[in-house]
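Have a look at the structure below, then the notes.
One-based numbering along the sequence shown. Being a predicted model, the structure only gives us computed values, none of them experimental.
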Amino acid sequence: ACSELSRSSCEECLQNVSCLWCLTNKTCVDYPVRSFLPPASLCSLSRARWGACWMNFEALIIAIAVVAGLLLVSTAAFCCYCCYCRRCAKSSSPDEDEERLTQKREERRLQALQRKRERTLKHNEIRKKYGLLQDSDNPYSRFENE
């Protein structure tokens with residue numbers, strides 16, 4: 001059936017999905033379904049048209065390969081991302097998060113107590129220096145007249 005369309009145009013030939021148009025000799029031939037690519041003896045890839053007259057078979061194969069490659073790469077990237085997120089989610093369970101927060105809270109509380117003790121010691125030294133704090137060693141202080 002495709003060989004009967006050889007005398008017609010590319011558009012008429014490619015209306016039938018099983019036909020291949022060759023620009024070299026302007027013939028319409030049956031697409032060789034047994035081989036994935038048409039053999040060079042039938043028509044060169046750059047001169048063969050299938051599916052659309054404006055795109056050669058070589059460009060069609062390259063476009064399909066690029067789209068397939070992009071799909072594979074994006075699928076692989078998505079899978080890696082999902083695995084990474086699951087690993088992060090497993091390593092950080094709510095109990096561990098709560099425990100970590102409790103530890104940090106306790107550390108901050110101890111640091112605040114340490115700073116408070118240091119401030120109290122410093123203030124007591126200043127009070128002692130100016131006679132505002134009585135020595136526990138010397139309970140007697142000098143009586144000053146006003």
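For Ser46 against Glu58, the heavy-atom pair with the smallest separation is CB-OE1, 3.5 Å. Closest approach of Ser8 and Cys13 over heavy atoms only: OG-N, 4.3 Å.
Residues in residues 103-114 take part in these salt bridge (charged side-chain N to carboxylate O under 4.0 Å, His left out) pairs, two or more places apart or across chains: Glu106-Arg109.
For the 3.5 Å distance criterion, the side chains of Arg117 and Gln114 qualify, holding a donor opposite an acceptor.
Through ILVMFWY side-chain contacts below 4.5 Å, Phe78 is grouped with nothing and stands alone.
With sequence neighbours excluded, the residues forming a side chain to side chain contact (heavy atoms under 4.5 Å, CB included) with Ala59 are Met55, Asn56, listed by chain and number. Residues passing the side-chain hydrogen bond (donor to acceptor under 3.5 Å, both in side chains) test with Arg127 are Asn124, sequence neighbours excluded.
A donor-acceptor pair under 3.5 Å is absent between the side-chain atoms of Trp50 and the main chain of Ser18, judged by distance alone.
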All N/O donor-acceptor pairs, side-chain side in residues 60-67, below 3.5 Å, sequence neighbours left out:
none

I'd like a table of donor-acceptor pairs (distance under 3.5 Å, sequence neighbours excluded) in which one partner is a side-chain atom from residues 20-27, with atom names and distances.
unit_1: Asn25; atom_1: OD1; unit_2: Thr27; atom_2: OG1; d: 2.8

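Within the model, atoms CZ of Arg47 and CG of Leu45 stand 12.5 Å from one another, a figure rounded to the nearest 0.5 Å. For the atom pair OG1 (Thr102) and CD (Glu98), the distance works out to 4.5 Å, reported to the nearest 0.5 Å.
In this structure, cysteines Cys28 and Cys19 have SG atoms that are not closer than 2.5 angstrom.
With a 4.5 Å cut-off on side-chain heavy atoms, Ser74 and Leu70 do not count as touching.
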